[in-house]
Amino acid sequence: MILVQIYCFKAILSILFVTIVCIFILFITQYVPGNDKGNDAASLLILIWYWPFHKTLNLTSNVCYDLYGIKNCQLTDNRSMLVQADVVVFHHKELQKSSDVPYEMRPPGQKWVWASLESPSNVMDLEKWNHTFNWVLSYRQDSDIFVPYGKLVLHSPSNSFTIPPKTGLVSWVISNYKSIHERALLYKKLFQHVTVDIYGKAAKKELCPKCLLPVVSKYKFYLAFENSIHRDYITEKMWYNSFEACAVPVVLGPPRTNYEQFVPPDSFIHVEDFESPEKLARFLRTMNTSQYKEFFKWRRKYSLKLFQDWRERFCSICTVYHSLPQEKIYHNLQEWFKA
Ligand SMILES: *[C@@H]1O[C@H](CO)[C@@H](O)[C@H](O)[C@H]1NC(C)=O
Ligand SMILES: *[C@@H]1O[C@H](CO)[C@@H](O)[C@H](O)[C@H]1NC(C)=O
Ligand SMILES: *[C@@H]1O[C@H](CO)[C@@H](O)[C@H](O)[C@H]1NC(C)=O
Ligand SMILES: *[C@@H]1O[C@H](CO)[C@@H](O)[C@H](O)[C@H]1NC(C)=O
């Protein structure tokens, strides 16, 4: 009897000991200096070789963690850090005219990322970059680092959303009007049958960045016409100008099935759904309130997440880094992108 008690006592003691050790280890890993900043020895260093469109952003704080909760990820734009960098990212627009690509300095194993959010119609000179880049960062779903213009995230069901008051029917903001664009051809036919209020440089009614939402949200519909038609090329024209503004997007772009990979089928109107611009115009003009409300049903389940800051896109390299093929190289980037 006494023997059993002693064994029990020993067992309890050892359990206690293990528990204390566990708590201690947990404590250490939580509070070692540096860890609270989201960095440790496994931290990745991402060097931004060119700021997109020469717009420098503030990197002084620990941006990836502080702004996006992404741990072990440091961004720098200090080119002296080239040798230490795990990844160097090159934005295509500046790369196109560059003569300062550091081929000779590239350490073995360093990953080079080609970054662009433009469509193939607006990306030139890709042939120059055979055998150079390991990974691609773009809006295309099959990119190594997939960075859409926006996405929907599930939230707990709620009915708290209300449609803002509407005083106009259709609006369109356009800065680059080229009459040969498919969107211009469609628009010309459409506007014979429905009034479209046009803003932007092309209409000499430019809206400041902060003015766009309040103006566009007064309209029931927004013409989210892409400048060129390519798989997955669904831009801020739908995500920001329409969804963020609570205007229903009338989309011109890739086929409906492609849009439905990103958003619910009843969240947008596709120009393809109509035999003619005239029928589309009539649909917009004659829609009643209950029918209109149906286009907002998705908001009970989803909220909108926009991606607008290049720092967030660059930080997201770290979240997929370890799952990407380390030996990959694009021998023919042109072929991949134009496919
Ligand atoms: C950059 O961000 C840090 C931390 O958020 C801030 O203290 C600093 O003033 C900013 N610098 C500039 C030039 O905006
Ligand atoms: C860039 O990095 C180098 C090398 O680490 C360092 O000496 C230099 O002060 C840095 N420059 C800036 C502007 O931070
Ligand atoms: C890149 O590769 C493609 C396909 O092999 C080839 O046609 C093209 O000439 C190459 N470009 C350069 C600059 O070598
Ligand atoms: C609104 O329009 C839809 C589709 O045309 C129709 O089925 C519905 O009965 C209409 N509702 C009202 C209240 O007029």
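In listed order, ligands and their atoms are each counted from 1.
Counting non-hydrogen atoms of neighbouring residues, nucleotides and ligands closer than 6.0 angstrom, the NZ atom of Lys301 reaches no more than 12 such neighbours.
In this structure, a donor-acceptor pair under 3.5 Å is absent between the side chains of Asp86 and Tyr321. When only modelled atom types and interatomic distance are considered, Ser290 and Asn288 share a side-chain donor-acceptor pair under 3.5 Å. Residues Asp144 and Tyr330 bring a donor and an acceptor atom of their side chains to less than 3.5 Å of each other.
There is no protein heavy atom less than 4.0 angstrom from atom 7 (O) of ligand 1.
Nearest protein neighbour of atom 12 (C) of ligand 4, counting heavy atoms only, is Asn288 ND2, 3.3 Å. Shortest contact from atom 5 (O) of ligand 4 to any protein heavy atom: Gln291 OE1, 3.9 Å. For atom 4 (C) of ligand 1, the closest heavy atom belonging to the protein is Ser61 CB, 3.8 Å. Residue, atom and distance of the protein heavy atom nearest to atom 13 (C) of ligand 4 are Ser290 OG, 4.2 Å. Among all protein heavy atoms, the one lying closest to atom 3 (C) of ligand 1 is Thr60 OG1, 3.3 Å.
An N or O contact shorter than 3.5 Å links Asn78 to ligand 2 by distance.
The distance from ligand 2 to the heavy atoms of Met81 drops below 4.0 Å at these ligand atoms: 2 (O), 5 (O).
Criterion: ILVMFWY side-chain heavy atoms under 4.5 Å apart, direct or through other members. Under it, Tyr103 and Leu333 are part of a common hydrophobic cluster.
Atom 10 (C) of ligand 1 has its nearest heavy-atom neighbour, among Thr56, Val63, Leu57, Asn58, in Asn58.
A donor-acceptor contact shorter than 3.5 Å links the side chain of Trp135 to the backbone of Pro325.
Val250 places a side-chain heavy atom less than 4.5 Å from the side chain of Val271.
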